[in-house]
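One structure is given here, and the rest of the page talks about it.
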Amino acid sequence: MADSRETFVNQAFVVGYPIKHSRSPLIHRHWLRRFGIEGSYEPVAVSPEYFEAFIADLKRGTSGFRGGNVTIPHKEAACRLADVPDALAEELGAANTLWMEEGRLNATNTDGIGFTASLDAGHPGWENVDRAVILGAGGASRAVVQAVRDRGIGEINIVNRSVERAVELADRFGPAIHAHPMAALGEVCEGAGLFINTTSLGMDGGAVDEMPFERLLPSAVVTDIVYVPLMTPILKQAEAKGLATVDGLGMLLHQAVPGFEKWFGRTPVVDEELRNLVIADM
Ligand code: ATR
């Protein structure tokens, strides 16, 4: 009997609402062209009231999709509706990558892996530090906190404008994670070897107060998940103080890799050509 997967067409989606700003089609279509795969990657706008029906269609196997990416506002629902969410998605309560396997809908969250893969590429050895500071405790921060914890960094300090959100995150992700108000930023930067901005500060050219980067270790790495502009005010401040920096674009590119592997069966590379393609679109 024919493998039922052979009846799928080579098609994946990114589903969100709205969806027109997603850069995922640019990334996946580039890789499809690179491999010469006859396939497609389609943005699909689905409003929240229709998301469950969209997933039901996917599970029936009649949609033509092998799977796809999920973005705002559907990441939590995608995790809940999947048949097999993996441990990463389950702990986060949110999924950004779905794929059908043996008739069941699998889900994972690749944001954290994308983040650490970007640091691995940009500054190998970044994880060999005793203390990290993570600024921000919103949706984007969760996957970063989880991923940094999973790489074994001993002490993680989350600093957030609303301290209660930092406390909730710290409680959720483990005993070596501490929550602090903004007023403690200078103190927690003292002797830290990794600083991560997960807030929207500096996005689209917004101004940012002076960060206490002189208190970080001279060997510290500063990274920002904001990637518009590529050289954010936070990265500029770090560079001015002689610190190493890794920009946020790598996370966007690397988080896309596992999905492509699942749907199209090939392992794509994140290289300068892809970076430049996305930069040209910004
Ligand atoms: P996302 O899903 O992109 O993380 P979010 O959940 O709205 O979006 O979180 C935005 C993060 O940026 C939060 O940590 C937010 O701080 P609060 O939790 O106190 O709202 C932070 N943030 C946004 N604007 C900020 C500002 N002007 N100063 C400090 N932090 C800010």
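First listed ligand is number 1; within each ligand, the first listed atom is number 1.
Counted by atom type alone, Asp86 and Thr108 present one or more donor-acceptor pairs between their side chains at under 3.5 Å.
Ring geometry for Trp126 versus Phe115: interplanar angle over 60°, hence perpendicular rather than tilted (30 to 60°).
At a heavy-atom cutoff of 4.0 Å, ligand 1 is surrounded by Gly136, Ala137, Gly138, Gly139, Ala140, Asn160, Arg161, Ser162, Arg165, Met182, Thr199, Ser200, Leu201.
With respect to the salt-bridge test (charged N to carboxylate O, under 4.0 angstrom), the residues Arg29 and Glu42 qualify.
With Glu127 contributing its side chain and Arg151 its backbone, the two residues share no donor-acceptor pair below 3.5 Å. Side chain of Trp99 to main chain of Phe260: no donor-acceptor pair is present (N/O by atom type, distance under 3.5 Å, no hydrogens or angles).
Identified under the salt bridge (Lys or Arg N to Asp or Glu O under 4.0 Å) test for residues 161-188, with sequence neighbours left out: Arg142-Glu168.
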